[in-house]
Amino acid sequence: MLRDAKISRLVSGGVAALGVHLGSSRAQAQSPPQILDTVRLDLTAVVDSSAYLVYQYYLANSASSHGGVAVVKVDLSARAGTGHDTLPFTGSLGPGRTDVADHVPFGAMAPNRWQMFVTYDGALEWAVYEVLLTEKTAPVSFDSVPAGGVKSGFGVRSPYLPGVRRFSAMPTEQSCCLKPNDQGELPSPFFFPVRGRTVAATVRPQDMTLTILREDLEQACGLLHWITEAALCDRLRSALERAVAPRPRSDAAATKGSLRAFLAELEAQHGTGKPVNDNAYWLLRVNGEYLLAHM
């Protein structure tokens, strides 16, 4: 019942938000205050179980936030025709839906006191348990991620290879939504999302190419700034350019050598205090090693 009530509030919040978006500049100027600052959903590892990959994450809420994180949602949608195949879920899984968009085959895992939902748009949502302590009050969230806090135990299972994905996070109801608005209603956390990028299941293995790997590198070196040293980006680009260069089929060893050089440079520059962060490392390493193994 609590989940149904929350969904109803989110839907009504979405309609209201649409009205604000279409309203006057004066209405737009009255945007809600920011509760969450930077929120990160970062990989700690991608483990090959032989049947599928296991993407392991931690969720970090910056110390400059003014509330805890209660919901995080990562896009796992896929092109039409992919279907709705699921793998095992470990933890509390919410009610199934039959009206969702196509998504990559996936299962998931959640920390204790968090539950999982497959949303209408083909995404995976993790949401902290909540309880309504007294009538007509906002639910209290257990084990949310406070400002300056980190929580691990989030995971996705999928046979699909990694790519850059969007995610969003919403605050706890206590941190945003205890005071009624002008209509006498409690606002919804829907109004207070923050968005970011992470790495998650994206590419069918048979579709992986050196061109896709090169695009991954450009994203990591570009706006995402997951690789922070320009000279390193140049060296990695050069290695991939040598791998992509047209060669006779008999010269596959040269292509493999260039790809090994790329992976060795990536490995050497990943770690504490080094310019390749975890998201870039696992994105490029997993896809690079897959290509190397299937040449």
Rounded to the nearest 0.5 Å, what's the gap from CZ on R165 to CG on L76? Could you check?
5.5 Å
Between the side chain of Q34 and the main-chain N/O of L36, is any donor-acceptor distance below 3.5 Å?
yes
Are any non-hydrogen side-chain atoms of L210 and L259 less than 4.5 angstrom apart?
yes
State, yes or no, whether a side-chain contact exists between V150 and V145 at a heavy-atom distance under 4.5 Å.
no
Are V286 and Y52 connected into the same hydrophobic cluster when the rule is that any two of I, L, V, M, F, W, Y join if their side-chain heavy atoms are below 4.5 Å apart?
no
Separation of T82 OG1 from H103 NE2 (nearest 0.5 Å)
9.5 Å
Please walk me through it: do R157 and T90 pass side-chain hydrogen bond (donor to acceptor under 3.5 Å, both in side chains)?
CA-CA 10 Å; R157 300 177 173 96; T90 304; 2.9 Å; yes
SG of C233 to CD1 of I227, rounded to nearest 0.5 Å, is 5.0 Å
Tell me whether Y160 is reachable from L87 by hopping between hydrophobic residues (I, L, V, M, F, W, Y) whose side-chain heavy atoms are closer than 4.5 Å.
no
Checking N279 side chain against L43 main chain: does a donor-acceptor pair fall under 3.5 Å?
yes
What I want to find out is whether R260 reaches E289 closely enough, with some N-O distance under 4.0 Å, to be called a salt bridge.
no
Just by distance, do the side chain of S158 and the backbone of A201 share a donor-acceptor pair under 3.5 Å?
no
With under 30° as parallel and over 60° as perpendicular, where do the rings of Y55 and Y57 fit, or are they tilted in between?
parallel
With the side chain counted from C-beta on, respond yes when V74 and W126 share a heavy-atom pair under 4.5 Å apart, and no when they do not.
yes
Check whether any side-chain heavy atom of W114 sits under 4.5 Å from a side-chain heavy atom of S92, and report yes or no.
no
Does S144 reach the main-chain N or O of P146 with its side chain, forming a donor-acceptor pair under 3.5 Å?
no
For T255 and S258, which I'm curious about, is there any donor-acceptor pair between the side chains at under 3.5 Å?
no
Between V54 and Y58, is there a shared hydrophobic cluster once you connect ILVMFWY residues whose side-chain heavy atoms come closer than 4.5 Å?
no
Can you tell if the side chain of Q56 reaches within under 4.5 Å of the side chain of M109, non-hydrogen atoms only?
no
Would you say that L217 contacts F262 through its side chain, given a criterion of any heavy-atom pair below 4.5 Å between the two side chains?
yes
Applying side-chain contact (heavy atoms from CB on, under 4.5 Å) between I35 and each of S175, P193, C177, report the one that passes.
S175
Given V164, L59, L41, V72, the one that forms side-chain contact (heavy atoms from CB on, under 4.5 Å) with T198
L41
Would you find a donor on one side and an acceptor on the other, under 3.5 Å apart, between the side chain of K73 and the backbone of A169?
no
Determine yes or no for a side-chain-to-main-chain donor-acceptor pair under 3.5 angstrom, with N61 supplying the side chain and V39 the backbone.
no
Hey, could you give me the CG/CG distance between N287 and L292, rounded to the nearest 0.5 Å?
12.5 Å
Is it the case that the side chain of S238 and the backbone of D234 share a donor-acceptor pair, with hydrogens and angles ignored and the cut-off at 3.5 Å?
yes
Distance-only, no hydrogens or angles: does the T202 side chain make a donor-acceptor pair with backbone N or O of A200 under 3.5 Å?
yes
Decide, yes or no, whether a salt bridge links R79 with D207 under the criterion of side-chain N to carboxylate O below 4.0 Å.
yes
Should M116 and V128 be regarded as members of a common hydrophobic cluster, given that ILVMFWY residues are connected when their side-chain heavy atoms come within less than 4.5 Å of each other, either directly or indirectly?
yes
For atom CG of D182, is the number of surrounding heavy atoms from other residues, nucleotides or ligands below 6.0 Å larger than 12?
no
Ring of Y129, cation from R113 - is the NZ or CZ under 6.0 Å from the centre and inside 45° of the axis?
no
Could you tell me whether R197 and D75 make a salt bridge, using a distance below 4.0 angstrom between a side-chain N and a carboxylate O?
no
In terms of side-chain heavy atoms, does R40 have a donor or acceptor partner in S62 at a distance below 3.5 Å?
no
Kindly say whether D42 contributes a backbone atom to a donor-acceptor pair with the side chain of W282 at under 3.5 angstrom?
no
Spacing of OG belonging to S77 relative to OH belonging to Y120, to within rounding of 0.5 Å
10.5 Å
Before giving the answer on salt bridge (charged side-chain N to carboxylate O under 4.0 Å, His left out), spell out for E229 and K274 the whole-Å C-alpha distance, their side-chain angles and the decisive distance to 0.1 Å.
CA-CA 9 Å; E229 186 180 293; K274 295 184 177 180; over 6 Å; no
Hey, does R237 have a side-chain heavy atom less than 4.5 Å from the side chain of E218?
yes
H270 vs Y281 aromatic rings, parallel, tilted or perpendicular, using cut-offs 30° and 60°?
parallel
Sub-4.5 Å side-chain heavy-atom contact between H84 and D102:
yes
